[in-house]
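Only one structure is covered here, and it is reproduced in the block below.
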Amino acid sequence: AFAETGTLPYLARKTGPAAVAAPVRAANLPVGVFPASRAQAALERISVLFPTTRPCVDALDAALTNAGVVIHPPLVLVNAASIDRGEFDIHAAGTTASARRLIDAVDAERIAARGGLGYPAPHYELGTYYDDARAAVGLYGAGARQKVVASGLWREMLTYEHRYVSEDVVLGLTLFESAGRTAGVATPSSGAISPVAARSITSGSATSRCERCGRSSTRAGSRTRGHG
C-alpha cells in the first residue's frame, strides 16, 4: 500500500550538516491510502508514528488537502521580482494582501473541487493558518505562522526549479485543475498560475514538465473516485 499526506508532518529546514530545525508539527495530518481497501491496516501503523493522523477516504482525498500547492505557487508568482534579487522569505515578507487574495482564491477552487467529487469535510481551509481563532480545525494549529516567520528559516535562495514550482505547480496545481474539470468546477486562478509559472518565469523545462508529466487525474489513472 502507498500512503499520501496532505501536508508534511514537520515544517522543517536543514540548519547544518547533521541538524534540522522543525518549528511546526502538523496538528492534523490527513492521510489517504492506495489502494483504499488496505487503508485500515496501513493507517493503524502510520498512526503509531504520527499520532495526529486523520484518515481520509482515499489517496486522492488526501492529495486534495495539500496545503503546499495552495500557498507556494501564489507566493512565488507574486514575489517573482524579490526572489530574483536574492535571499527572500516568502512567508514573512511575501505574504501581502494581494498574495493572500490569490491564495484564498486557489483554496476556494480546491474546496469546491473536493465537494464536487463528493469528498466530505474537513477540507482543512488554508485560512486557518492565518487565523488562530480557527486554527484548531486546520493543519497546523495555533501560532504556526508566527513560528514559521519567527524562525527565519524560510529566508532562502529560491530558483524557479525549486520544489515550489517543480512539485507544487507541475504536480500539484495540475491535479487541482483536473479534479476541477472532473467535478465540473471552474478553476480560473489555479489554471492561470500554472502557465505563467511554467512559461513566463521559468526556463522551458518546467513548461514541458507541466505539459507532459503533470499529475493530472488522467495521468494518475483516477478520472473518478473509487479506485482501489
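Each residue takes its place number in the sequence, starting with 1. Hydrogens, waters and symmetry mates play no part in the numbers below; they use all other heavy atoms, side chains included.
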Item to check | Pair Phe34 + Phe2: ring centers closer than 6.0 Å | outcome: no
Checklist entry - Ignoring hydrogens and geometry, is there a side-chain-to-backbone donor-acceptor pair from Ser178 to Leu175 under 3.5 Å? => result yes
Checklist entry - Can you tell me if Asn28 and Tyr140 form a side-chain donor-acceptor pair at under 3.5 Å? => result no
Checklist entry - Is there side-chain contact between Tyr124 and Val137, with heavy atoms separated by less than 4.5 Å? => result no
Item to check | Rounded distance (nearest 0.5 Å) linking atom CZ of Phe88 with atom CG of Leu75 | outcome: 8.5 Å
Checklist entry - Under 6.0 Å from the CD atom of Gln40, do we count more than 12 heavy atoms belonging to anything else shown? => result no
Next on the checklist: Under a 3.5 Å distance rule, please check whether Asn79 uses its side chain to pair with a backbone N or O of Gly94 as donor and acceptor.
Outcome noted: yes
Item to check | N/O donor-acceptor pair under 3.5 Å between Thr52 side chain and Ala26 backbone | outcome: yes
Checklist entry - Between the main-chain N or O of Leu173 and the side-chain N or O of Arg110, is there a donor-acceptor pair closer than 3.5 Å? => result no
Next on the checklist: To the closest 0.5 Å, what do you measure between CD1 (Ile90) and OG (Ser82)?
Outcome noted: 11.5 Å
Next on the checklist: Over 60° means perpendicular and under 30° means parallel, so tell me whether Tyr164 and His72 are parallel, tilted or perpendicular.
Outcome noted: parallel
Next on the checklist: Quick one about Glu109 and Ser190 (side-chain donor to acceptor, distance below 3.5 Å, no hydrogens or angles considered), yes or no?
Outcome noted: yes
Next on the checklist: Quick check against the 3.5 Å criterion: does Arg13 have a side-chain atom that pairs as donor or acceptor with the backbone of Ala21?
Outcome noted: no
Checklist entry - Is the backbone N or O of Ala92 less than 3.5 Å from a side-chain atom of Asp89, with the two atoms forming a donor-acceptor pair by type? => result yes
Checklist entry - Are Tyr130 and Val69 grouped together when hydrophobic residues (ILVMFWY) are joined by side-chain heavy atoms under 4.5 angstrom apart? => result yes
Next on the checklist: Working to the nearest 0.5 angstrom, can you tell me the gap between Thr7 OG1 and Tyr129 OH?
Outcome noted: 10.0 Å
Checklist outcome for this item: Between the CG atom in Leu139 and the CZ atom in Arg54, the distance rounded to the nearest 0.5 Å is 10.5 Å
Checklist entry - When you measure from the side chain of Asp107 to the backbone N and O of Val70, does any donor-acceptor pair fall under 3.5 Å? => result no
Next on the checklist: More than 12 heavy atoms of other residues, nucleotides or ligands under 6.0 Å from CZ of Arg45: yes or no?
Outcome noted: no
Item to check | Heavy-atom check, side chain of Ile193 versus side chain of Pro74, under 4.5 Å | outcome: yes
Next on the checklist: Any carboxylate oxygen within less than 4.0 angstrom of a Lys/Arg side-chain nitrogen, looking at Arg114 and Asp61?
Outcome noted: yes
Checklist entry - Sub-3.5 Å donor-acceptor pair from the side chain of Thr5 to the main-chain atoms of Leu8, do we have one? => result no
